[in-house]
Amino acid sequence: MNTGSHDTGEVAVAADATRTRTGAPGEEAAETAVPAPLGSRAPEFVKARRMLHLSWQVGVFVIGLAVVCAGVAMLVLPGPGWVVIFAGMAIWATEFVWAQLVLRWTKRKVTEAAQRALDPKVRRRNIILTTTGLVIVGVLVGVYLWKFGLEMPWKIKDQ
């Protein structure tokens, strides 16, 4: 596996890190960044044997590919397409650094979007837009019912 280093035993780490709290009891705890290791999460006995590890990676890739393809199909068919696609990416992330980095980037962007959505100005705007849309739909349904009643405008009985 290419970790970006020529030395054996080194593990690549991402630019973003997980946070841990340090400090003695009674003191104010300080947050420090501890880099989370990237790379294979295969069992040690699998990593110790090159051919077995390669077979493991191929198996993980094929299973992840099948799940991602099922998710892509669910984008046009009934089903939770994006959830299944991210599940396939999570399967790939157990073995491949690039998938781990993609999932971290996606998680960061989703968290940022959730924080923006919780902003009071954005929430107020969304509530106003939703209310305006519902009023417009209500007026259109009212006009339709006033003009045509509960009867459809086309004649199904005549055909």
Side-chain angles (χ1 to χ4, degrees), residues 1-7 9-44 46-47 53-54 56-148:
M1 174 176 67
N2 183 7
T3 60
S5 173
H6 297 296
D7 298 332
E10 283 193 33
V11 177
V13 291
D16 62 339
T18 58
R19 305 243 178 236
T20 60
R21 295 177 60 94
T22 59
E27 293 180 5
E28 187 175 321
E31 283 194 14
T32 58
V34 177
L38 295 174
S40 176
R41 292 192 182 108
E44 290 302 321
V46 172
K47 287 191 230 178
H53 192 224
L54 184 62
W56 180 275
Q57 285 181 327
V58 168
V60 167
F61 182 79
V62 169
I63 291 170
L65 182 65
V67 172
V68 168
C69 288
V72 169
M74 286 182 199
L75 291 175
V76 294
L77 299 172
W82 285 110
V83 173
V84 175
I85 289 172
F86 287 123
M89 290 296 295
I91 291 170
W92 278 338
T94 63
E95 198 59 37
F96 303 108
V97 173
W98 61 267
Q100 292 168 0
L101 295 175
V102 167
L103 281 179
R104 286 183 182 183
W105 178 84
T106 304
K107 183 178 179 182
R108 190 172 56 248
K109 292 298 181 184
V110 166
T111 303
E112 290 171 4
Q115 290 300 320
R116 280 194 311 268
L118 293 176
D119 180 27
K121 291 180 181 178
V122 174
R123 288 186 70 198
R124 191 175 312 117
R125 183 199 66 198
N126 289 344
I127 289 171
I128 290 170
L129 287 174
T130 302
T131 305
T132 304
L134 288 173
V135 167
I136 291 172
V137 168
V139 167
L140 291 174
V141 168
V143 167
Y144 176 85
L145 290 175
W146 176 68
K147 185 168 182 160
F148 298 107

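Just so you know, residue 1 is the first one in the sequence shown, and it goes up from there.
- F61 has its side chain out of reach of E95: every pair of non-hydrogen atoms, C-beta onward, lies at least 4.5 Å apart.
- Between I85 atom CD1 and T106 atom OG1 the span is 11.0 Å, to the nearest 0.5 Å.
- Considering all non-hydrogen atoms of both residues, A99 and M89 come closest at CB-O, 4.0 Å.
- In this structure, CG in L145 is found 11.0 Å from CG in L140, a value given to the nearest 0.5 Å.
- Across V67, L65, V72, a single residue satisfies side-chain contact (heavy atoms from CB on, under 4.5 Å) together with C69, and that is L65.
- In this structure, W92 and W98 have tilted ring planes: the angle between them lies in the 30° to 60° band.
- Applying the salt bridge (Lys or Arg N to Asp or Glu O under 4.0 Å) test to every pair with at least one member in residues 112-130, sequence neighbours left out, gives these pairs: K109-E112.
- Screening T132, T131, T130 for a side-chain contact (heavy atoms from CB on, under 4.5 Å) involving I128 leaves a single residue, T132.
- Between V60 and I91 the shortest heavy-atom distance is CG1-O, 3.4 Å.
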